[in-house]
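These numbers come from the heavy atoms of this one structure, side chains and all, not from hydrogens, waters or symmetry mates. Chain naming here is simple, since letters A, B, ... match the order of the sequence lines and numbering starts at 1 in each.
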Protein chains: 2
Amino acid sequence: MSNNANLTSCQPLLDYFGKLIPLKREEKELVEAKFHPLTFAKKQFALQQGKICDHFDFVVKGCLRLFKVDEKGDYHVFQFATENYWILDLTSFHKRIPSTLNIEALEDTLVLRITHRDLLDLYIKAPKFDRIFRVLLENHFMQQQERIGQLFSSTAEERYLSFLEQYPHLFNRIPNTQIASYLGITPEFLSKIRKNLQSKG
Amino acid sequence: MSNNANLTSCQPLLDYFGKLIPLKREEKELVEAKFHPLTFAKKQFALQQGKICDHFDFVVKGCLRLFKVDEKGDYHVFQFATENYWILDLTSFHKRIPSTLNIEALEDTLVLRITHRDLLDLYIKAPKFDRIFRVLLENHFMQQQERIGQLFSSTAEERYLSFLEQYPHLFNRIPNTQIASYLGITPEFLSKIRKNLQSKG
DNA sequence: CTATACCCTTAAACTAGGTTAAGAAATCAG
DNA sequence: CTGATTTCTTAACCTAGTTTAAGGGTATAG
């Protein structure tokens, strides 16, 4: 019965993997054995800075944010993760060092989680996952590079517009303070931008 | 004889891979078959925007820069690659779409290059390279994330100091205009920063 | 050896975005 | 339903970094 429950709960992840590379029965069973569901209430932390990030999370439902608190106490959002996104502090996860980042639920959230040890074991038992996680990482990398490009050469207004385009499902789901923090500006300035845009059309 | 020449020329790359995961004889031979040496004179382009990036380059000697030219005509350096670094436009390479970036030699440079087709073939013939390139990508990703964090919360002076720390071998090897372009500031402002630092000590 | 291109610096005027403060609106826990 | 917390907006003032312009320094190709 618990086996059956897992079968059900891992389905979104199996679908996700299956779209990248078709999985064999044994590989599906491995996924079911290694990933475990976990829920977070809104405002609950999935990772606190100072702790080692021992988990690689796939979001089934809800929304998490990965963010840094700098020396001045300001918050900076690296990434939001909604349905079918991955979230973790990769640096802490791989180097096994205390994290400088936090992960917090912006909504009640359900994730499928694999631990560091289990992921290594998964790579050994089914090398196909080396490839799957390579592809997954490539996608994350491309997104990050796009972001660096924008931080370099776009104004805050342009970045806001492109955020709205890229994450239309997010903008009425999370507060503007969070969006500002993702764009690298203050909420006050975002407010000014929004007013400007409104007067334009 | 040409075989022998390749054996010699691939040695830095074999060393690099060997440090990540030991390679078997067949795997070494595959590397020698798939990677080919290529030289660029200073100022020569290894990639021009608009073309598809069909190559993944390992720098044996010299220095390349990966940069973007924005709408205003300003240049922004994503990455420098010196000895033992990788350089390519990953987005163009994987999505097979025209690149928005350029790669240019800042010094006379020797790379070992693998094409897209040969890399896919390498993954198939030796799945160990799925793992190697996963690890390699993880490292790049971590560096990029660090960079985003800095662009968010550090002043230009702080970023300059941390550049000097992180790339001590680069700062007297490339012009300050390039460093400014990497830091996301104008050469004039970098000059001001350097003057300030000098008066401090 | 020389001319040309590139590189570095200075300084004055300017602008994108930050800071501070304060009130209004929305959301939420009890 | 109600008080409390969070969120959004406005506005006046401030600052890090840009722009423009100009002069001097330094490689480098021919």
Side-chain angles (χ1 to χ4, degrees), chain A residues 41-45 62-63 65 67 69-77 80 104-108 150-164 170-200, chain B residues 41-45 62-63 65 67 69-77 80 104-108 150-164 170-200:
Chain A
K42 184 170 178 173
K43 295 198 185 178
Q44 203 182 339
F45 278 65
C63 182
R65 67 197 255 247
F67 69 101
V69 184
D70 71 18
E71 310 75 42
K72 287 192 295 181
D74 293 339
Y75 290 61
H76 306 280
V77 172
F80 298 111
E104 185 195 2
L106 294 176
E107 304 174 347
D108 293 347
Q150 283 209 0
L151 286 175
F152 268 141
S153 62
S154 301
T155 63
E157 179 175 311
E158 289 165 342
R159 276 180 276 144
Y160 177 59
L161 289 173
S162 111
F163 174 85
L164 293 184
L170 262 185
F171 103 101
N172 52 2
R173 198 166 150 185
I174 60 181
N176 282 326
T177 46
Q178 298 300 332
I179 296 179
S181 172
Y182 176 86
L183 297 175
I185 60 177
T186 58
E188 291 86 351
F189 191 56
L190 177 53
S191 204
K192 203 188 271 186
I193 289 174
R194 286 158 54 82
K195 195 186 172 190
N196 270 342
L197 287 175
Q198 230 170 351
S199 72
K200 285 186 199 168
Chain B
K42 184 171 176 172
K43 295 197 186 178
Q44 204 182 338
F45 278 64
C63 184
R65 69 197 254 249
F67 69 101
V69 185
D70 70 18
E71 309 76 41
K72 287 192 295 181
D74 292 339
Y75 290 61
H76 306 281
V77 172
F80 298 112
E104 185 195 2
L106 294 176
E107 303 174 347
D108 293 347
Q150 283 208 0
L151 286 175
F152 269 140
S153 62
S154 300
T155 63
E157 178 173 313
E158 289 165 343
R159 276 179 277 144
Y160 177 59
L161 289 173
S162 111
F163 174 85
L164 294 183
L170 263 186
F171 102 101
N172 52 2
R173 200 168 149 183
I174 61 181
N176 281 327
T177 46
Q178 298 301 331
I179 297 179
S181 171
Y182 176 85
L183 297 175
I185 59 177
T186 59
E188 291 86 351
F189 190 55
L190 177 53
S191 202
K192 202 188 272 186
I193 288 173
R194 284 157 56 82
K195 195 185 173 191
N196 269 343
L197 287 174
Q198 230 169 350
S199 72
K200 284 185 200 168

*Measure the acute angle between the ring planes of A/Tyr75 and A/Phe67, then classify it against the limits of 30° and 60° as parallel, tilted or perpendicular.*
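Ring orientation of A/Tyr75 relative to A/Phe67: parallel.
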*Should the pair B/Tyr182 and B/Phe163 be assigned to parallel (<30°), tilted (30 to 60°) or perpendicular (>60°) ring geometry?*
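B/Tyr182 vs B/Phe163 ring planes: tilted.
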*Using a 4.0 Å heavy-atom cut-off across all strands, classify A/Lys192 as base, sugar-phosphate, or nothing.*
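It contacts base atoms.
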_Please confirm whether the shortest side-chain N or O distance from B/Lys195 to OP1 or OP2 of C/dA11 is below 4.0 Å._
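Answer is yes, contact under 4.0 Å.
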*Return no unless some side-chain N or O of B/Arg194 is found under 4.0 Å from OP1 or OP2 of C/dT9.*
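Looking at the OP1 and OP2 atoms of C/dT9, one of them is under 4.0 Å from a side-chain N or O of B/Arg194.
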*Under 4.0 Å from any atom of DNA chain D, heavy atoms only: list the residues of residues 176-188 of chain B that qualify, in numerical order.*
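B/Gly184, B/Ile185, B/Thr186, B/Glu188 - these, ordered by number, are the residues of the stretch whose heavy atoms sit under 4.0 Å from the strand.
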*So does A/Phe171 have more than 12 non-hydrogen atoms from other groups sitting under 6.0 Å from CZ?*
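Atom CZ in A/Phe171 is not crowded, with 12 or fewer foreign heavy atoms closer than 6.0 Å.
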*asked:* I'd like to check A/Glu107 versus A/Arg173 (side-chain heavy atoms, cut-off strictly below 4.5 Å). Are they in contact?
replied: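 When only atoms from C-beta onward are counted, A/Arg173 and A/Glu107 do touch, with a gap below 4.5 Å.
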*Are A/Val77 and A/Leu183 side-chain neighbours, meaning at least one heavy-atom pair lies under 4.5 Å?*
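A/Val77 vs A/Leu183: side chains apart.
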*Taking for each residue the nucleotide of DNA chain D bearing the nearest heavy atom, is the 5' side occupied by B/Leu190 or by B/Lys42?*
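So the residue in question is B/Leu190.
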[X] [atom1] to [N] [atom2], straight-line distance once rounded to whole Å:
X        : N      : atom1 : atom2 : answer
A/Lys72  : C/dG17 : NZ    : P     : 15 Å
A/Leu151 : C/dA16 : CG    : P     : 18 Å
B/Gln198 : C/dT10 : CD    : P     : 8 Å
B/Asn172 : C/dC7  : CG    : P     : 16 Å
A/Phe189 : D/dC8  : CZ    : P     : 17 Å

